[in-house]
Novice: 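Here's a structure for you.
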Amino acid sequence: MNANANQPSMDLSNPDNYINRELSLLQFNLRVLEQAMDERHPLMERLNFLLIFSSNMDEFFEIRVAGLRNQMETGTGTPGPDGMLPQEVQAEISRITHEAVQRQYHILQDILLPALAEEGVHFLRREHWTEAQAEWVKKYFRDQVYPVLTPIALDPAHPFPRLVNKSLNFIVPLDGKDAFGRSTGLAIVPAPRSLPRLIRLPDEVCENGDDNFIFLSSMIHAHVSDLFPGMKATGCYQFRVTRNADLEVDEDVEDLASALKGELLSRRYGDEVRLEVADNCPQHLIDYLLEQFELGQVDAYKANGPVNLARMFTSVNRPRLHYPPFTPRVPAPVRKYESIFDAIDQGDILLHHPFESFSPVVNLLAEAARDPKVLAIKQTLYRTGTNSEILDHLETAARNGKEVIAVVELRARFDEESNIEGARRLQEAGAIVVYGVVGYKTHSKMLLVLRRDGDGMKRYAHLGTGNYHTKTTKFYTDYGLLTAEPGICQDVHKIFQELTGMGKAARLKQLKHAPFTLHPSLMEWIEFETEQARAGKPARIIAKFNSLTEEHIMQALYRASQAGVEIDLIVRGICCLRPGIPGLSENIRVRSIIGRFLEHTRIYHFHHAGEDLVYCASADWMDRNLFNRVETCFPVNDPKLKKQILEEGLHFYLRDNTQAWLLSADGSYRRAEPAPGEEPFLAQQALLEALSNG
């Protein structure tokens, strides 16, 4: 917040009233990092949070920082609602991230690794190897590592190599001359990605019976001189470079899949944005690397440990170091009936993942694929994964003669390659595959099944807030609705017609969809609450989503707060709105929940004069979701299910006094704590106890 923000302006367009988007996202990543210090999480899970932070920061630099650098270089950057210029944002990011990286390695080296060692999980440094372990490492290096390493001497015939994005590499100063009489003084050793970054030592060379791991980087460091016969490596320093990984595809191309395939290669060699290097690397070598990558000193991040922490994910067979396992519950209506169609015929079925199983959705597809009464299946696919049961059943359905229409979004970031492969599989099976609408990502989550019903036809639909990815349903929180309600199913059918054909925007009865009716509807609902408050009537908004950046919605929320509407926002990641400013947003409260599962549900609740409108959606309250994507927002009409969402999807999270972080007007977050005499309440844990089978 600017210095003069102590006297807030009631001008809703004043930059002091908004938080910068990139800095807000960075704050989310810092909240993830702090989970590594939370002793309520099991020890290996704390390590995983540290590694998730590292992975998040990789993407932050690949996309967000790369975008800022591009804006600065091209002069195309325009301030957002917060008014900050790209160079101002970049400077603040640099300051915060350098401090965060130091804290990250402090947590790793001084807290987590010693604590894990006490539990019998060791990440052994070279100086701690026993003679037997050193001999085993020597043989492993000779047999498994040495044959696939390609050292590159640096001389006029061997210029500095073009290194793959985020690949592990070593810069090696050398003494002596090689067989050709060359004495270049420097070499680069790339570590192939096919090699594991962590190697577990066999029990026979360990006396403690514990879990003992060695880093690949330690192995290479110990034996780097073997790569240069007759010469001496006087040092070995790991580093890696992060590159711009945002794909740019011309929307006018004739074949989007082919164009994306070409762009995927460029992602590996985009413009450099960050250098990570071992903190013991001499400064002159750091300067040399920065010169090669055309980066400045502020772009160098010194690592007190492995530079590629995201590759440290591992598991050990020590249950108390991990979260206790649980079995997602299958809702009673699904268990009661042999056919999923019979279950849905009895009424809408709500699924709350990961506490409740995703299997009913998979079973719907599996049954539809083999049911002779099913004529057609239509589905949107944003992220599915490479080994996907969803794709398997769609393939089977197509081969069984069903009409299968798959709307595959090829441009789902970092899943482009698997989506291209999935589209190819479906086409080969005989499915009709389309790639949505040019210029608009298809982000909606919809499944429609057309089935004979007596002399007529009946539609069954699944609508969700998350992806059709069976792996992520186990650790993302999402809602899904299985329904045969004619109005909703008719709306889903119309949206599919939009996506596969051409024509005017569909007139929908129950669903709201972007880029057409969703944003106007949100504005209308907020304005209704505002008018109710001005009339002295009860007015309430509770919304849960991943990010809030859309300026008009934020201004509408400010006006609603000024009118007296009570507003609670549960925003996992980016929030550009400033809550708690007297006279502007004192009736708005913002919290972020960070815990075992990644919060991903999108729920909108408006009191609406006692009607209690409850919608679930695929969309966040962001510009890109509301104006540049195809999104669906669906009502929950069943009174029992509506009450369940209000209680478990919203009120549980508002009660959380342990895993919640509360946003202050200055843009900082503080962790919620139980009040004196108040019992700790964790929303995710309460849902596990209420919905899962242990």
Side-chain angles (χ1 to χ4, degrees), residues 123-202 205 213-241 268-269 275-293 302-303 305-309 311-312:
F123 296 86
L124 300 177
R125 296 174 178 268
R126 283 177 294 131
E127 58 267 27
H128 296 150
W129 296 349
T130 65
E131 185 176 342
Q133 290 167 350
E135 281 299 315
W136 185 89
V137 168
K138 183 177 181 180
K139 184 176 186 304
Y140 184 95
F141 178 84
R142 183 180 67 245
D143 296 342
Q144 304 291 331
V145 180
Y146 180 84
V148 293
L149 290 180
T150 305
I152 303 169
L154 301 180
D155 63 22
H158 302 85
F160 195 91
R162 197 176 186 193
L163 301 175
V164 174
N165 182 33
K166 297 184 298 185
S167 61
L168 174 64
N169 303 278
F170 301 84
I171 185 166
V172 182
L174 298 167
D175 269 350
K177 295 181 183 267
D178 73 357
F180 298 94
R182 298 174 300 176
S183 178
T184 64
L186 276 181
I188 299 295
V189 180
R193 293 198 165 188
S194 59
L195 295 175
R197 296 308 189 245
L198 270 179
I199 299 96
R200 189 182 188 280
L201 284 170
V205 297
F213 296 92
I214 288 179
F215 290 104
L216 174 69
S217 55
S218 294
M219 281 192 177
I220 293 176
H221 200 157
H223 294 282
V224 68
S225 288
D226 295 354
L227 301 172
F228 306 96
M231 305 183 75
K232 181 182 179 182
T234 59
C236 181
Y237 309 102
Q238 55 181 313
F239 72 93
R240 71 170 187 160
V241 64
R268 303 175 69 191
Y269 298 106
L275 172 68
E276 295 170 279
V277 62
D279 62 355
N280 64 340
C281 183
Q283 186 60 45
H284 73 278
L285 292 181
I286 296 176
D287 294 341
Y288 173 78
L289 291 172
L290 290 172
E291 181 182 357
Q292 299 304 312
F293 298 131
K302 297 182 179 180
V307 298
N308 51 342
L309 284 177
R311 295 286 298 271
M312 265 187 73

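Model, not experiment: these values are computed from the prediction.
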Novice: Is any side-chain heavy atom of Leu174 closer than 4.5 Å to a side-chain heavy atom of Ser225?
Specialist: no
Novice: State whether a side-chain donor-acceptor pair under 3.5 Å links Ser167 with Asn169.
Specialist: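 Looking only at side-chain atoms, Asn169 and Ser167 do form a donor-acceptor pair, the distance falling under 3.5 Å.
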Novice: For Arg125, does its backbone N or O pair with a side-chain atom of Trp129 as donor and acceptor, under 3.5 Å?
Specialist: yes
Novice: Is a side-chain N or O of Glu276 found less than 3.5 angstrom from the main chain of Val241, in a donor-acceptor match?
Specialist: no
Novice: Would you call Gln133 and Lys138 a side-chain contact if the rule is heavy atoms closer than 4.5 Å?
Specialist: no
Novice: Mind checking whether Phe293 and Tyr288 have side chains closer than 4.5 Å, heavy atoms only?
Specialist: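 Not touching, per the 4.5 Å side-chain cut-off.
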Novice: Between Gln292 (side chain) and Leu289 (backbone), is there a donor-acceptor pair under 3.5 Å?
Specialist: no
Novice: Calculate, to the nearest 0.5 Å, the distance between atoms CG and CD1 belonging to Leu124 and Ile214 respectively.
Specialist: 5.5 Å
Novice: Is it the case that the side chain of Asp279 and the backbone of Val277 share a donor-acceptor pair, with hydrogens and angles ignored and the cut-off at 3.5 Å?
Specialist: no
Novice: Once you measure the plane-to-plane angle for Phe213 and Phe123, does it fall in the parallel (<30°), tilted (30-60°) or perpendicular (>60°) bin?
Specialist: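 Ring orientation, 0 to 90° scale: parallel.
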Novice: Please list, chain by chain and in numerical order, all residues satisfying side chain to side chain donor-acceptor pair (under 3.5 Å) with Asn280, sequence neighbours excluded.
Specialist: none
Novice: Evaluate Asn308 against Arg197 for side chain to side chain contact (heavy atoms under 4.5 Å, CB included), listing each step before the verdict.
Specialist: CA-CA 9 Å; Asn308 51 342; Arg197 296 308 189 245; 3.1 Å; yes
Novice: I'd like to know whether Gln144 forms a side chain to side chain contact (heavy atoms under 4.5 Å, CB included) with Ile199, so could you lay out the CA-CA distance, the side-chain angles of the two residues, the decisive distance to 0.1 Å, and finally the verdict.
Specialist: CA-CA 11 Å; Gln144 304 291 331; Ile199 299 96; over 6 Å; no
Novice: Would the number of heavy atoms belonging to other residues, nucleotides or ligands and lying under 6.0 Å from CD of Glu131 be above 12?
Specialist: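 Check fails, neighbour count at 12 or below.
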Novice: Got a sec: does the CZ of Arg200 have more than 12 other heavy atoms crowding it under 6.0 Å?
Specialist: yes
Novice: Below 30° counts as parallel, above 60° as perpendicular, anything between as tilted: where do the rings of Phe141 and His223 land?
Specialist: parallel
Novice: Distance from Arg240 atom CZ to Leu163 atom CG, nearest 0.5 Å?
Specialist: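 Rounded to the nearest 0.5 Å, the CZ-CG separation comes out at 12.5 Å.
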Novice: Distance check, rounded to the nearest 0.5 Å: His221 atom NE2 versus Phe170 atom CZ?
Specialist: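 Those atoms lie 8.5 Å apart.
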Novice: Would you mind reporting whether Pro192 and Leu149 have side-chain heavy atoms less than 4.5 Å apart?
Specialist: yes
Novice: Could you grab the distance from atom CG of Leu285 to atom CG of Asp287, nearest 0.5 Å is fine?
Specialist: 9.0 Å
Novice: Ring centres of Tyr146 and Tyr140 under 6.0 Å apart?
Specialist: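 When the ring centroids of Tyr146 and Tyr140 are compared, they turn out to be at least 6.0 Å apart.
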Novice: Please step through side chain to side chain contact (heavy atoms under 4.5 Å, CB included) for the pair Ile152 and Val189, ending with a clear verdict.
Specialist: CA-CA 6 Å; Ile152 303 169; Val189 180; over 6 Å; no
Novice: With a 4.5 Å cut-off on side-chain heavy atoms, are Lys302 and Ile286 touching?
Specialist: yes
Novice: Is the shortest heavy-atom distance from the side chain of Val172 to the side chain of Tyr237 under 4.5 Å?
Specialist: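 No, side chains not in contact.
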Novice: For the side chain of Thr234 and the backbone of Pro173, is there at least one donor-acceptor N/O pair under 3.5 Å apart?
Specialist: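 Yes: the side chain of Thr234 pairs with the backbone of Pro173.
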Novice: Compare all side-chain heavy atoms of Ser218 with those of Ile220 and state whether any distance is below 4.5 angstrom.
Specialist: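 SC-SC contact between Ser218 and Ile220 ruled out.
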Novice: Drop me the distance from Met219's CE to Arg142's CZ, to the nearest 0.5 angstrom.
Specialist: 12.0 Å
Novice: Can you name the closest pair of heavy atoms from Pro190 and Thr150 and give their distance?
Specialist: CD-O, 3.3 Å
Novice: If you round to the nearest 0.5 Å, how far is CG of Leu195 from CG of Leu168?
Specialist: 9.5 Å
Novice: Say whether, by atom type as modelled, one donor and one acceptor occur between the side chain of Arg126 and the main chain of Ala222 under 3.5 angstrom.
Specialist: no
Novice: Within the 4.5 Å heavy-atom criterion, are Phe239 and Cys281 side-chain neighbours or not?
Specialist: no
Novice: Does the pair Ile171 and Leu186 meet the rule for a side chain to side chain contact (heavy atoms under 4.5 Å, CB included), with working shown?
Specialist: CA-CA 7 Å; Ile171 185 166; Leu186 276 181; 4.1 Å; yes
